[in-house]
Amino acid sequence: ANAMGLSTSIRMMKEREVGSELRKTPFTGIKSVLKVMGKSWILYFKMGWCTIKISNDFLFGKIMQNPWICKELLQRILPELEIDHIEYPELQKAIKPDVDARSVRLDVYVKDNKNTVYDIEMQVSNTKELPKRSRYYQSMIDLQLIDKGEFYKKLNRSYIIFICLFDTFGKGRHIYTFENICKEDKGISMGDGAAKIFLNANGTQDDVSKELKAFLDYVAGKRPADSFVAKLEDAVQEAKRNREWRHEYMTLLMRDQENLEMGREQGRKQGEEKLARLIKALTEDNRSADIVRVVDEKEYRQELYKKYHII
């Protein structure tokens, strides 16, 4: 309780300072920013690191670097498969198809002894776009699996798995598995070897094994009596003692904050440019009264933006 109280106090204090301080501070690396922000800011990040759980995608990716844990999780999600061992082609695989396409960074990218490929993603926020994102991830992964001129039959079987703290499809299930089948005859499978699985940590139906439910309960913040969950908790606590990972996590948070501030600044400048164009147009039309309105009234400003083809 004392730790939670300290964390809350620091958070409330820093939320009043962080935005303005970061806007005034040029980002030259995490150490320079932390020096300006002071010891309380360092404590703020350390407290955040100490309180994150398995549902944090950064921590989840680190924990899944343990092959036994990763294999056991996959086996609980896909009990029909016989996974002898798993390999790590790349940790947190980054896929950049070309300069114009959107790049992706996969949380956990592994393959098993049969060359089946698995992408496991931890998802806390419901962005309402996971089905479309899974489609994009599938295409990006497939591009990495075969080279130009190779036969399509070389495409590995693949599973894209999202572990969610919410119900993507709103039916109360713990698991939703999708494969391509014939709409007219459900008994005909396309056989493309691609499957997408969406797990819901807060499901209400009795639709998964007790082993998988124990894991999902743990993701949801519960502490079920389960040997695998106990090993996961031990791994989480051990990870939090890893100084290198803590520093990496803090650095990523600082970069995210910097990108957020840069986005806000860019948005502010774009807004100023649009308003300047609108005021210029109103001045040319001798609409001085409207200039005052567009400055004070957002809806009227948006209306005139459209009328003058500024947006």
Side-chain angles (χ1 to χ4, degrees), residues 57-123 127-164 168-169 175-200 208 212 215 248 252 255 259:
D57 60 347
F58 176 86
L59 183 62
F60 176 73
K62 296 300 185 185
I63 299 299
M64 289 301 119
Q65 290 180 18
N66 181 316
W68 183 89
I69 289 178
C70 190
K71 174 179 173 293
E72 177 64 21
L73 174 58
L74 287 172
Q75 203 68 79
R76 289 188 175 211
I77 297 171
L78 298 159
E80 69 276 12
L81 301 184
E82 295 182 2
I83 303 174
D84 180 67
H85 67 276
I86 61 169
E87 302 171 3
Y88 295 83
E90 293 180 47
L91 296 175
Q92 274 210 324
K93 182 177 179 63
I95 300 177
K96 298 180 180 179
D98 56 56
V99 294
D100 295 322
R102 179 170 181 168
S103 63
V104 297
R105 180 171 292 277
L106 309 179
D107 287 352
V108 182
Y109 181 78
V110 297
K111 67 178 181 179
D112 65 14
N113 49 296
K114 299 176 183 177
N115 285 323
T116 298
V117 172
Y118 306 88
D119 166 36
I120 315 172
E121 303 288 324
M122 183 64 72
Q123 188 70 23
T127 58
K128 309 292 184 181
E129 62 177 8
L130 281 192
K132 291 291 181 68
R133 199 205 301 183
S134 71
R135 171 181 167 182
Y136 189 70
Y137 280 18
Q138 183 69 64
S139 66
M140 293 297 99
I141 290 172
D142 287 346
L143 283 173
Q144 305 299 306
L145 292 177
I146 58 173
D147 295 323
K148 184 178 180 180
E150 290 187 318
F151 294 110
Y152 294 117
K153 65 181 181 180
K154 288 195 66 177
L155 282 171
N156 307 53
R157 180 162 182 76
S158 65
Y159 291 88
I160 296 177
I161 303 168
F162 283 96
I163 304 170
C164 306
T168 306
F169 303 98
I175 186 169
Y176 301 88
T177 303
F178 296 89
E179 293 183 340
N180 290 319
I181 62 172
C182 176
K183 184 176 179 180
E184 290 74 21
D185 186 339
K186 302 297 190 295
I188 301 176
S189 171
M190 181 185 287
D192 58 352
K196 301 174 182 67
I197 299 174
F198 299 82
L199 296 172
N200 169 26
V208 293
L212 180 54
F215 167 74
E248 183 182 351
L252 290 172
R255 287 177 180 172
N259 290 335

Side-chain donor/acceptor pairs under 3.5 Å, residues 78-87, sequence neighbours excluded:
{"unit_1": "His85", "atom_1": "NE2", "unit_2": "Glu87", "atom_2": "OE2", "d": "3.4"}

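Atom-to-atom distance recorded for Asp112:CG and Cys70:SG is 10.5 Å, nearest 0.5 angstrom. If you take CG on Asn113 and NZ on Lys71, they are separated by 9.0 Å, rounding to the nearest 0.5 Å. Atom-to-atom distance recorded for Cys164:SG and Ile197:CD1 is 12.0 Å, nearest 0.5 angstrom. The distance from the CG atom of Asn156 to the OH atom of Tyr118 is 10.5 Å, given to the nearest 0.5 Å. Within the model, atoms CD1 of Ile120 and CG of Asp107 stand 9.5 Å from one another, a figure rounded to the nearest 0.5 Å. The distance from the CG atom of Leu73 to the CZ atom of Phe60 is 5.5 Å, given to the nearest 0.5 Å.
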Kindly determine whether Lys196 and Glu179 satisfy salt bridge (Lys or Arg N to Asp or Glu O under 4.0 Å), including the steps that lead there.
CA-CA 7 Å; Lys196 301 174 182 67; Glu179 293 183 340; over 6 Å; no

Residue pair Val117, Tyr109: steps toward the side-chain contact (heavy atoms from CB on, under 4.5 Å) verdict:
CA-CA 7 Å; Val117 172; Tyr109 181 78; 3.3 Å; yes

Residue pair Tyr176, Thr168: steps toward the side-chain contact (heavy atoms from CB on, under 4.5 Å) verdict:
CA-CA 9 Å; Tyr176 301 88; Thr168 306; 5.7 Å; no

Would Met140 and Tyr136 count as a side-chain contact (heavy atoms from CB on, under 4.5 Å) here? Give the steps.
CA-CA 6 Å; Met140 293 297 99; Tyr136 189 70; 3.8 Å; yes

Show, in sequence, the C-alpha distance, side-chain angles and deciding distance for Arg157 and Lys111, and conclude whether the side-chain contact (heavy atoms from CB on, under 4.5 Å) test is met.
CA-CA 10 Å; Arg157 180 162 182 76; Lys111 67 178 181 179; over 6 Å; no

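The minimum heavy-atom distance between Gln123 and Thr127, with the atom names listed, is NE2-CG2, 4.0 Å. When all heavy atoms are compared, the tightest approach of Tyr137 to Glu121 is CE2-CD, 3.9 Å. Across all their heavy atoms, Phe162 and Arg133 have their closest contact at CE2-NH1, 3.9 Å. The shortest non-hydrogen separation linking Gln138 to Ser158 is NE2-OG, 3.0 Å. Shown here for Val108 and Gly61, the closest heavy-atom pair between the two residues is CG2-CA, 4.1 Å. In terms of heavy atoms, Asp142 sits closest to Leu155 at O-CD2, 3.7 Å.
Residues Glu150 and Asp147 have side chains in contact (heavy-atom distance under 4.5 Å, counting atoms from C-beta outward). Using a 4.5 Å heavy-atom threshold, the side chains of Ile77 and Leu199 count as touching.
Using cut-offs of 30° and 60° for the angle between ring planes, the Phe178 and Phe198 rings count as perpendicular.
Heavy-atom contacts from other residues, nucleotides or ligands closer than 6.0 Å to NZ of Lys183 number 12 or fewer.
The only option from Thr177, Ile175, Leu74, Asp119 that meets the side-chain contact (heavy atoms from CB on, under 4.5 Å) definition with Ile161 turns out to be Leu74.
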